[in-house]
Amino acid sequence: TETVLLFRRAGTEQATAYTLSNLSYAVSLAGDPARGRRLLEDSVSAFHRCGDQHGGALALCRLANVHRIAGELDEAAELLERSMTIRRSLGDRRGVGVTVINQGLVAAAAGDLGRADRLLREALLLFDDMEDEPARWGTLLDLGLILLDAGEHERARRVLRQWRDLPPI
């Protein structure tokens, strides 16, 4: 039902792009990450064709995550830069913050934990400024887990205590 409503409200090309983007996760989780990647690539193209820059930036960020998980960090970084350029041009502060988080995750995957820490703290400041509690919640959790993976147990405990003490979202 939601898909039909989306098609009627947004148009078939845009609705198809969102559907492909969302379907990619299900396909990847079902054990076919290569097909999930192709669906995301098709989604990026569909967003471009219909002129939905917000959706295109989202799909680029999601595709970057697929590359990061596959260990293709240069590709992930390039896709995130493309997403960041779009989000900044649109004035999408939350999208910029989400992209900064993903850049931090790429830095962590590359072993540059100092840069990862700086990027996630940058996103945290942005979300604090916007009073975006759900984004702040997720950023603190990501930061705590990166610190834990880095063996920075005391810093991880402090960050994860902050996360734990946040009001429920």
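Residue numbers count from 1 along this sequence.
- There is no path of hydrophobic side-chain contacts, each under 4.5 Å, that joins Val66 to Leu105.
- Under the 3.5 Å distance criterion, the side-chain polar atoms of Thr139 are matched with a main-chain donor or acceptor of Ala135.
- Interatomic distance, Arg118 CZ to Leu143 CG, rounded to the nearest 0.5 Å: 12.5 Å.
- Note that CZ of Arg35 is 5.5 Å distant from CG of Leu39, once rounded to the nearest 0.5 Å.
- For the atom pair Gln103 CD and Leu119 CG, the distance stands at 6.0 Å (nearest 0.5 Å).
- Residues Val106 and Leu60 do not share a hydrophobic cluster, clusters being chains of Ile/Leu/Val/Met/Phe/Trp/Tyr side chains in contact below 4.5 Å.
- The ring-ring contact (aromatic ring centres under 6.0 Å, His included) contacts involving residues 107-136 comprise nothing, where partners must be two or more places apart or lie in separate chains.
- To the nearest 0.5 Å, atoms CZ (Arg87) and CG (Leu58) are separated by 6.0 Å.
- A heavy-atom distance below 4.5 Å is found between the side chains of Thr16 and Leu20.
- By the salt bridge (Lys or Arg N to Asp or Glu O under 4.0 Å) test, Asp128 is found to be paired with Arg136, residues two or more places apart in sequence or in another chain being considered.
- Taking hydrophobic clusters as Ile, Leu, Val, Met, Phe, Trp and Tyr residues chained together by side-chain heavy-atom distances below 4.5 Å, Val159 shares a cluster with Leu166.
- Side-chain atoms of Ser24 and Arg62 form no donor-acceptor pair, as typed in the model, at a separation below 3.5 Å.
- The ring-ring contact (aromatic ring centres under 6.0 Å, His included) pairs that include a residue from residues 139-169 are Trp137-Trp163, where partners are two or more places apart or lie in different chains.
- Atom CD1 of Ile86 and atom CD of Glu81 lie 11.5 Å apart (nearest 0.5 Å).
- Taking a 6.0 Å sphere around CZ of Arg115, one finds it holds 12 or fewer heavy atoms contributed by other residues, nucleotides or ligands.
- In summary, Glu154 and Arg157 engage in a salt bridge, as defined by a charged side-chain N under 4.0 Å from a carboxylate O.
- In this structure, Ser21 contributes its side chain and Ala17 its backbone to no donor-acceptor pair below 3.5 Å.
- Residues meeting the side-chain hydrogen bond (donor to acceptor under 3.5 Å, both in side chains) test with Asp129, sequence neighbours left out: Arg93.
- Leu80 and Leu113 end up in different hydrophobic clusters when Ile, Leu, Val, Met, Phe, Trp and Tyr side chains are linked at under 4.5 Å.
- Remark: His54 engages Asp52, Leu90, Asp92 in a side chain to side chain contact (heavy atoms under 4.5 Å, CB included) (not counting sequence neighbours).
- Ion pair Asp117/Arg121 flagged as a salt bridge, since at least one NZ, NE, NH1 or NH2 atom sits closer than 4.0 Å to an Asp/Glu carboxylate oxygen.
- Put simply, the side chain of Asn22 gets close to the backbone of Tyr18: a donor and an acceptor are under 3.5 Å apart.
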How far apart are the C-alpha atoms of Leu160 and Leu141, what are their side-chain angles, what is the distance that settles it, and do they pass the side-chain contact (heavy atoms from CB on, under 4.5 Å) test?
CA-CA 6 Å; Leu160 290 171; Leu141 180 59; 4.1 Å; yes

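- Distance alone, capped at 3.5 Å, places no donor-acceptor pair between the Ser83 side chain and the Leu79 backbone.
- Between Gly104 and Leu120, the shortest heavy-atom contact is CA-CD1, 3.6 Å.
- Under the 4.5 Å side-chain heavy-atom criterion for Ile, Leu, Val, Met, Phe, Trp and Tyr, Val27 and Tyr25 are members of distinct hydrophobic clusters.
- With respect to the salt-bridge test (charged N to carboxylate O, under 4.0 angstrom), the residues Glu72 and Arg37 qualify.
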What do the steps show when you test Asp74 against His67 for side-chain contact (heavy atoms from CB on, under 4.5 Å), and what is the final call?
CA-CA 9 Å; Asp74 290 338; His67 283 279; over 6 Å; no

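- Interatomic distance, Leu63 CG to Glu78 CD, rounded to the nearest 0.5 Å: 9.5 Å.
- For Asn65, the side chain to side chain contact (heavy atoms under 4.5 Å, CB included) partners two or more places apart in sequence, or in a different chain, are Arg68, Asn102.
- With contacts defined as side-chain heavy-atom distances shorter than 4.5 Å, the pair Leu124/Leu140 qualifies.
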